[in-house]
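For reference, the structure discussed in these notes is given below.
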2 protein chains.
Amino acid sequence: MKSVTIKDIAKLAGVSRGTVDRVINNRGNVKKKVEEKVIKIAKELGYEKNIIASRLASTKVYKIAVVLPSPESDFFWDIPKEGILSALNLVKYYGIKVEFLEYNIFSSEEFTNQVTKAIECKPDAILMAPLFLKESEKLINIGEEEKIPFITINSELNHKNILSYTGQSSYHSGYLAGKLFDINLQHDDEVIVLNLAHEISNAPHYTDKVKGLIDYFKEHKTKHINVSWYEFDDFLNDEVLLRRFKETQNIHPEMKGIFFTNSRAYRLLDLLQKEEVEKYKIIGFDMIEPNLKYLQNGEIDFIINQNPFNQGYNGLMNFVNHFIHNREIKQQEYLPLDIVVKENVDFYYK
Amino acid sequence: MKSVTIKDIAKLAGVSRGTVDRVINNRGNVKKKVEEKVIKIAKELGYEKNIIASRLASTKVYKIAVVLPSPESDFFWDIPKEGILSALNLVKYYGIKVEFLEYNIFSSEEFTNQVTKAIECKPDAILMAPLFLKESEKLINIGEEEKIPFITINSELNHKNILSYTGQSSYHSGYLAGKLFDINLQHDDEVIVLNLAHEISNAPHYTDKVKGLIDYFKEHKTKHINVSWYEFDDFLNDEVLLRRFKETQNIHPEMKGIFFTNSRAYRLLDLLQKEEVEKYKIIGFDMIEPNLKYLQNGEIDFIINQNPFNQGYNGLMNFVNHFIHNREIKQQEYLPLDIVVKENVDFYYK
DNA sequence: TAAATAAATTTGCACGCGCACAATTTTTAA
DNA sequence: TTAAAAATTGTGCGCGTGCAAATTTATTTA
């Protein structure tokens with residue numbers, strides 16, 4: 001029952017444990033003859049490394065740099081960080097060091113700066129949400145030159161230097177929104193998509209969502225529901241936001257459904273009367289505090305939850321499985337599209 | 001940066017490592033005064049056990065007996081087992097031994113036998129789904145005498161010898177079903193609850209679900225939707241099942257919604273024509289293969305997913321956190337009530 | 001060629017914890 | 001007072017790694 005140790009091998013080979021260690025782990029500086037002998041004996045005895053002892057003795061620190069938007073600039077990002085910390089808690093004895101770097105979600109310069117800093121500290125990998133696509137591609141290329149692979153969450157991006165992606169399929173979340181409107185709207189109602197974002201960020205995910213929504217109604221025509229979409233890039237300005245919405249109302253008198261493509265539904269709802277909002281079926285993303293208020297009081301009908309906790313948790317676990325356990329990890333892992341309503345909201349992580 | 005070790009404590013307390021070890025791990029045989037001093041110093045230094053070293057030195061094997069229904073007798077139970085194995089994979093170096101014991105989901109005798117066997121092999125804890133409530137209570141009492149605590153999943157049961165429960169809140173799943181019917185049905189439609197189960201098993205969960213559904217429509221009366229409920233205990237007999245359903249149709253001509261309280265919606269749908277089923281809005285539980293077919297083809301409108309994977313995963317993790325990390329674990333952890341439709345089904349674990 | 005120096009290879013020990021057992025001190029009994 | 005028993009405390013081993021120290025081997029210099 002007792003398993004074979006390097007000590008057993010050392011004894012049989014007539015050398016010290018240190019020499020066996022150098023052979024087993026290819027550290028070099030061993031005479032050819034001795035090396036062959038040790039390998040032979042190890043094989044014969046069926047030696048298997050005791051990973052617990054190995055981890056205990058090793059001083060190797062795996063370093064992962066995490067570059068995410070600051071929760072101050074966008075509420076959503078509180079939870080992925082919790083997921084990362086929770087995963088870390090589980091594996092903290094494996095010698096993993098996490099370097100958190102935050103950037104303002106509206107600043108591509110800060111993003112670039114922080115990822116550059118991340119690369120400079122030469123981590124084993126960088127975990128990030130590549131919200132700025134053009135910048136991300138450049139930075140991932142730079143990382144590749146430095147042999148630093150990336151693990152991504154939240155925003156999908158294809159690049160051979162990305163080990164894994166964990167997050168939703170934007171297209172299908174839009175498609176799902178279509179279904180939800182379909183069962184809640186009437187014949188000839190209109191759905192309006194509102195993208196409250198500065199144009200610079202995240203464009204493909206927005207358009208994928210719209211595409212999904214439109215495709216749904218291409219495939220389900222019984223109710224003749226029409227879809228239009230608008231970008232409100234000056235959404236931080238109350239007055240402008242409200243004016244643009246009123247304009248949209250005028251253009252679309254049959255507007256009955258509003259699809260917010262991100263977590264910022266609350267921005268507009270903050271400016272409208274409850275009675276007015278109740279005329280619409282509203283779907284938004286993310287269980288952040290200001291949205292939850294409106295879900296509870298009935299102004300938001302559905303929230304599509306992006307599993308922010310698991311984005312962080314699985315992202316870090318991908319790192320662990322790849323670097324520490326040498327396991328295969330999935331190149332992309334699409335997280336569930338959770339349909340959150342008032343009646344089940346309490347059971348989701350928030 | 002260097003962490004505090006028992007050696008540090010021993011030095012400061014003027015005792016040997018062995019004594020510190022005895023204090024830290026409550027092994028007794030230490031003078032009161034010395035014990036107090038060691039505890040005080042450990043606290044001051046913020047000592048945290050290095051569980052890698054601890055596991056390396058320890059010869060203790062943690063044994064957990066897992067008693068679940070066999071997947072052969074009920075499809076659902078494939079996935080919790082996968083969750084357990086996945087968690088195990090993550091923590092396998094901690095010296096955890098799992099003993100799997102299966103029982104036919106329809107046999108309370110087999111259940112009793114297997115839990116009894118589990119108790120006999122004297123594990124550190126038993127992880128089980130207490131589907132048979134009367135039997136479970138008796139068995140948990142016996143376990144208590146033997147000082148074997150229980151970790152439960154799927155079916156909630158209150159007992160002081162249960163360390164934790166991971167699963168859904170039955171009441172709220174019924175309440176959520178109410179909401180889903182409410183947005184899909186018309187004025188004066190009727191909802192029928194069908195419980196396809198032998199009466200012996202799981203009664204409270206069934207009644208809690210019905211109670212949740214009824215409460216929903218007590219609180220939301222605008223559509224005047226009426227709820228009735230029936231138990232089809234001979235559901236394995238095609239002929240009887242079909243006859244009883246036809247009877248129910250006759251009694252309830254306004255029946256437009258059907259709520260299956262468990263995963264057996266497919267049993268009835270297997271016997272009906274698609275055209276007939278399409279007259280009804282149908283809600284069932286669990287993403288098992290035969291149900292998925294009907295979700296895909298539109299016969300089932302909503303499936304409430306019970307997170308079977310996480311039931312297993314979290315159940316085992318609760319064991320690890322309690323016994324190995326000595327962490328507080330939640331006495332009850334309600335899992336999300338996932339609303340699964342055709343459009344998001346591919347993104348849930350199955 | 002031998003001594004001196006450099007390079008290559010090998011050894012030995014600490015690391016942190018739990019456990020078994022040895023050693024010591026204290027208490028009890030004779 | 002002394003021996004025996006009980007209570008308490010101390011010590012060394014195990015596991016793989018990494019580093020300093022030691023030893024062996026190769027090369028250079030006089």
(message) In whole Å, I'd like the distance from the CG atom of N25(A) to the P atom of dC19(D).
(response) 14 Å
(message) Taking donor-acceptor contacts at under 3.5 Å, does the side chain of R17(B) reach the base of dG10(D)?
(response) no
(request) Might you work through the salt bridge (Lys or Arg N to Asp or Glu O under 4.0 Å) test for E44(B) and K40(B), ending with a clear yes or no? (result) CA-CA 6 Å; E44(B) 278 171 11; K40(B) 184 160 164 276; 3.4 Å; yes
(request) To the nearest Å, give me how far apart OH (Y94(B)) and P (dC17(C)) are. (result) 14 Å
(message) Measure CG/D8(A) against P/dC15(D) and give the value in whole Å, please.
(response) 7 Å
(request) Using five base pairs at each end, measure the axis-to-axis angle across the helix from dT1(C)-dA30(D) to dA30(C)-dT1(D) and round it to 10 degrees. (result) 60°
(message) Less than 4.0 angstrom between a side-chain N/O of T19(B) and OP1 or OP2 of dG10(D), yes or no?
(response) yes
(request) Would you mind telling me which residue lines up with the more 5' stretch of DNA chain D, S16(B) or A57(B), judged by nearest nucleotide? (result) S16(B)
(request) Check whether any side-chain heavy atom of N50(B) sits under 4.5 Å from a side-chain heavy atom of T5(B), and report yes or no. (result) no
(message) Can you tell me if K60(A) touches the phosphate of dT17(D), counting only side-chain N or O atoms and a distance under 4.0 Å to OP1 or OP2?
(response) no
(request) Check whether any side-chain N or O of T116(B) sits under 3.5 Å from a backbone N or O of T112(B) as a donor-acceptor pair, and report yes or no. (result) yes
(request) Take atom CD1 of I24(A) and atom P of dC15(D), then tell me their distance rounded to the nearest Å. (result) 14 Å
(message) Using side-chain heavy atoms (C-beta onward) and a distance below 4.5 Å, is L139(B) in contact with I126(B)?
(response) no
(request) Strictly below 4.0 Å, heavy-atom distances to any atom of DNA chain D: list the hits from residues 27-37 of chain B, or just say none. (result) N29(B), V30(B), K31(B), V34(B)
(request) Return the value, rounded to whole Å, for the distance between atom CG of N50(B) and atom P of dG18(C). (result) 9 Å
(message) Less than 6.0 angstrom from the centroid, inside 45 degrees of the normal: does K60(A) satisfy that with respect to the ring of Y62(A)?
(response) yes
(request) Answer whether the closest heavy-atom distance between the side chains of S136(A) and M128(A) falls below 4.5 Å. (result) yes
(request) Check every atom of dG16(C), dT9(D), dT17(D) against the side chain of D21(A) and return the nucleotide holding the closest atom. (result) dT17(D)
(request) Could you check whether S58(A) gets within reach of a base, just the sugar-phosphate, or nothing at all, counting any heavy atom under 4.0 Å? (result) sugar-phosphate
(request) Examine dC17(C): is either OP1 or OP2 under 4.0 Å from a nitrogen or oxygen in the side chain of Y47(B)? Give yes or no. (result) yes
(request) When you get a sec, tell me which of dG10(D), dC15(D), dG18(C) is the closest nucleotide to the side chain of L56(B)? (result) dC15(D)
(message) If I take atom NZ in residue K11(B) and atom P in nucleotide dT9(D), what distance separates them, rounded to the nearest angstrom?
(response) 20 Å
Could you run down the sub-3.5 Å N/O contacts of the protein with nucleotides 20-23 of chain C?
none

(message) In whole Å, I'd like the distance from the CD1 atom of I6(A) to the C1' atom of dT11(C).
(response) 13 Å
(message) Taking 4.0 Å as the cut-off, does a side-chain nitrogen or oxygen of K7(B) come that near to OP1 or OP2 on dC17(C)?
(response) no
(message) For Y94(B) together with H325(B), are the ring centres under 6.0 Å from each other?
(response) yes
(request) Describe, in one word, how the ring planes of Y313(A) and F309(A) are oriented to each other, choosing from parallel (under 30°), tilted (30 to 60°) and perpendicular (over 60°). (result) parallel
(request) Inspect the contact between K160(B) and E144(B) and indicate whether a charged nitrogen and a carboxylate oxygen are less than 4.0 angstrom apart. (result) yes
(message) I want to check something: taking the side chain as every heavy atom from C-beta on, are K37(A) and K33(A) in contact at a cut-off of under 4.5 Å?
(response) no
(message) Within the 4.5 Å heavy-atom criterion, are I153(A) and L127(A) side-chain neighbours or not?
(response) yes
(request) Select one nucleotide: of dG14(D), dC17(C), dT10(C), the one nearest the side-chain heavy atoms of T5(B). (result) dC17(C)
(message) If you define the side chain from C-beta out and look only at heavy atoms, does anything of F319(A) sit under 4.5 Å from D124(A)?
(response) yes
(message) Is there a side-chain contact between S3(B) and the phosphate of dG16(C), meaning an N or O under 4.0 Å from OP1 or OP2?
(response) no
(request) For the pair Y334(A) and F347(B), name the ring-plane relationship: parallel under 30°, tilted 30 to 60°, perpendicular over 60°. (result) perpendicular
